[in-house]
Amino acid sequence: MLIALPISELTPGMFVDSVTKQQEGLNSIKIKTSGLVRNQAIIKRLVTEGVLELLIDFTKGDAAVPDKYRPKVAVVKEPVTSSSKAKPPAVKPAITLEQEFAKASINFEQHNRKLQALYGDVTTGLSVNLTVIDEMANDIVSSVFRNTSAMTILTRIKDKHSYNWRHMVNCAIFTAVFAKYLGYKEEAVQQLAMGALLHDLGQAKLPQGIISRPSKLTSSEMDIIKRHVAQGLGLVKGEKGITPLMLDMIVNHHERLDGSGYPRGITAEKLSRPARIMAIVDVYDALTADRPHQEGDEPINALRYLLAHKELFDAELVQHFIKCLGVHPVGTIVKLTNERLALVLEGNKLNPIKPKVKLFYNAKHGHHVTPKDLDLSEPDQSIKIVSSIKPHDYQINLARLLKEHLLN
C-alpha cells in the first residue's frame with residue numbers, strides 16, 4: 001500500500017519508496033528505489049535536507065498504516081447460520097490518483113531518460129539493453145493496475161525535442177491502459193507494453209537528421225523512414241525474453257486493414273488484435289504529440305480521425321479506445337460553460353462527455369482561482385464542457401499545473 005506522508009509523520013520502521021516533495025533550491029535527496037527508515041537520525045537528516053513529503057510503501061518495513069489513512073470499510077451484519085462457511089472477500093485498498101501520481105511522475109521522467117539513453121546507445125551501434133525495457137514495462141503496467149489515470153495524465157506533457165523516446169513511453173502507457181480496459185491479464189499486458197516500448201526503436205538506426213527534420217519529408221525520405229520496421233525487428237529478434245507477440249507489434253504496427261500500410265501491405269485477415277491495438281495507439285499518440293515538424297492536435301480530433309477511417313483501423317477497437325480514454329482524456333484542459341478552465345482527472349465510462357474535473361482558472365478574467373473538484377455527471381450539475389483547449393493558449397505550463405494540483 002503506497003501512501004504519501006508528510007515528513008512530520010515519518011517514523012522508524014517505515015519503508016520509503018521515494019521523495020515526493022522537497023523545498024525548492026535544495027539538491028534532491030539521492031534515495032535509491034527503496035530505503036528503510038531505521039532510526040531518528042535518518043529522519044533528522046531528511047528534515048535537514050528539506051524533504052517535505054515521502055511516498056511510503058506499507059507492504060514493506062515494520063510500521064503499520066496510520067489509522068487515518070486506513071480505508072473505511074462498512075461492516076454489514078448478516079444473520080449467522082450453521083451452514084454459513086464462506087468468508088467475505090478481502091477488501092483491497094484503492095490507490096488514489098494523488099498517491100499514485102507522486103510515484104508515477106518520478107518514474108515517468110526516469111523512463112524517458114532511460115529510453116533516451118538506450119536510444120542513443122542504439123544510434124551509436126550498441127545492442128539493446130532488454131533488461132531496462134522489461135523493467136520499464138513492469139513499472140508502467142504496475143502503475144496502471146494500481147491507478148489507471150496517473151500515468152495517462154503524464155502523456156499530455158509535450159516536448160517536441162524528445163518525441164522519439166517519449167512516443168514509445170506514451171505508447172506503452174496507452175497500450176497498458178487500453179489492454180487492461182479490454183480485460184487482458186496483467187502478464188499479457190506486460191508483453192503488450194514491452195512491445196509498445198520497442199515498436200519504433202528501429203528509428204535509432206536511421207539517419208537522425210531525417211528523423212528530426214522540422215519540415216515535411218520527401219517521398220524518398222519517407223522510404224528511408226519505413227525501414228525502421230525492419231531495423232527494429234533486427235535489433236530484438238532472437239533475443240531472450242522477446243515473444244512472438246512483441247515481434248508482431250513491431251512488424252505490423254504500420255499495416256492497415258485495407259492493405260495500404262507497410263512494410264508488407266497485408267490486409268485485415270492477417271492482422272492480429274495486438275497489431276491492431278498498436279496501430280491505433282501509435283497513430284493516436286503521433287497525432288496528439290508535439291513533433292519536430294508539427295504541433296500536436298487535441299485528443300478529440302485524433303479520436304475523430306481514427307473513427308472516420310474505418311478502412312484503416314479496427315472500428316470496434318476504436319470504439320472501445322474512445323470509451324477507455326473518454327472524449328476528453330485525463331490530463332486534458334477543458335473550458336466549461338461557466339467560463340472556467342478545468343483539468344480532467346477521471347473519465348466517465350457511462351457518459352464520456354461528463355468526467356470528473358478540477359476547476360482552477362477563470363478564463364474570462366485571466367487568473368487562477370481556488371481549485372474545486374466537480375463531477376459533471378451529478379444529476380444537479382448544470383455545468384458542461386464547451387471544448388478542450390491547448391495549455392499555451394492561456395500561458396499555462398501543464399507540467400507545473402499537474403505538480404501544483406496533484407502533488408499537494
Side-chain angles (χ1 to χ4, degrees), residues 1-76 87-114 131-132 134-151 153-154 176 180 186-187 189-190 345 402-408:
M1 185 177 183
L2 292 168
I3 296 179
L5 290 184
I7 188 70
S8 59
E9 296 181 17
L10 186 66
T11 61
M14 288 185 177
F15 194 93
V16 177
D17 182 271
S18 57
V19 173
T20 56
K21 195 184 298 183
Q22 187 176 357
Q23 290 179 9
E24 294 184 3
L26 294 170
N27 295 325
S28 297
I29 296 296
K30 293 183 178 179
I31 292 180
K32 297 181 180 178
T33 53
S34 61
L36 181 68
V37 178
R38 300 186 183 279
N39 50 50
Q40 287 290 345
I42 293 176
I43 298 174
K44 185 176 180 181
R45 182 174 69 84
L46 293 173
V47 171
T48 302
E49 294 290 347
V51 172
L52 301 175
E53 185 181 80
L54 312 99
L55 196 63
I56 306 301
D57 188 345
F58 282 98
T59 64
K60 302 176 181 178
D62 305 319
V65 179
D67 289 341
K68 68 177 180 178
Y69 295 106
R70 294 179 182 274
K72 303 253 188 319
V73 181
V75 178
V76 180
K87 294 182 179 180
V91 177
K92 187 177 181 179
I95 300 295
T96 67
L97 172 60
E98 288 78 10
Q99 288 170 348
E100 183 58 31
F101 187 83
K103 182 179 179 70
S105 58
I106 295 170
N107 285 348
F108 181 75
E109 288 308 317
Q110 289 178 344
H111 296 335
N112 277 290
R113 287 195 296 271
K114 288 178 181 177
T131 300
V132 172
D134 183 63
E135 290 172 352
M136 290 169 61
N138 183 64
D139 282 346
I140 289 170
V141 172
S142 296
S143 177
V144 167
F145 271 78
R146 287 192 298 268
N147 185 291
T148 305
S149 296
M151 276 280 184
I153 285 176
L154 291 162
K180 178 177 181 288
E186 191 165 350
E187 184 179 347
V189 178
Q190 169 81 13
L345 295 180
L402 295 176
K403 184 177 180 180
E404 289 174 353
H405 292 292
L406 293 180
L407 289 182
N408 287 341

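Values in this document were obtained by computation on a predicted structure and should not be read as measured data.
- The two residues I95 and R146 come nearest to each other via the heavy atoms CB-O, 3.9 Å.
- In this view, S149 satisfies the side chain to side chain donor-acceptor pair (under 3.5 Å) rule with no residue, not counting sequence neighbours.
- Side-chain atoms of Q99 come within 3.5 Å of backbone N or O of T96 as a donor-acceptor pair.
- The one candidate from I43, I42, L5, V51 that meets the side chain to side chain contact (heavy atoms under 4.5 Å, CB included) condition with L10 is I43.
- Listed by chain and number, the residues in a side chain to side chain donor-acceptor pair (under 3.5 Å) with N138 amount to none (sequence neighbours excluded).
- Atom OG of S142 sits about 8.5 Å away from atom NZ of K103, to the nearest 0.5 Å.
- With sequence neighbours excluded, the residues that form a side-chain contact (heavy atoms from CB on, under 4.5 Å) with N112 are F108, W165, R166, V169.
- Taking 4.5 Å as the limit, some side-chain heavy atom of L97 sits within range of a side-chain heavy atom of I153.
- Of the inter-residue distances, the one linking M151 atom CE with D139 atom CG reads 7.0 Å to the nearest 0.5 angstrom.
- Nearest heavy atoms, E100 versus A150: CG-CB, 3.5 Å.
- When each of I56, T11, V16 is paired with V37, the side chain to side chain contact (heavy atoms under 4.5 Å, CB included) condition holds for V16 and for no other.
- Using a 4.5 Å heavy-atom threshold, the side chains of F101 and N147 count as separate.
- A102 meets the side-chain contact (heavy atoms from CB on, under 4.5 Å) test with T20, L55, L407; sequence neighbours excluded.
- Note that CG of L402 is 9.0 Å distant from CG of L345, once rounded to the nearest 0.5 Å.
- T48 places a side-chain N or O within donor-acceptor distance of the main-chain N or O of K44, the cut-off being under 3.5 Å.
- Note that CE of M136 and CG of D134 are 11.0 Å apart. Values are rounded to the nearest 0.5 Å.
- Residues satisfying the salt bridge (Lys or Arg N to Asp or Glu O under 4.0 Å) criterion with E135, sequence neighbours excluded, are absent altogether.
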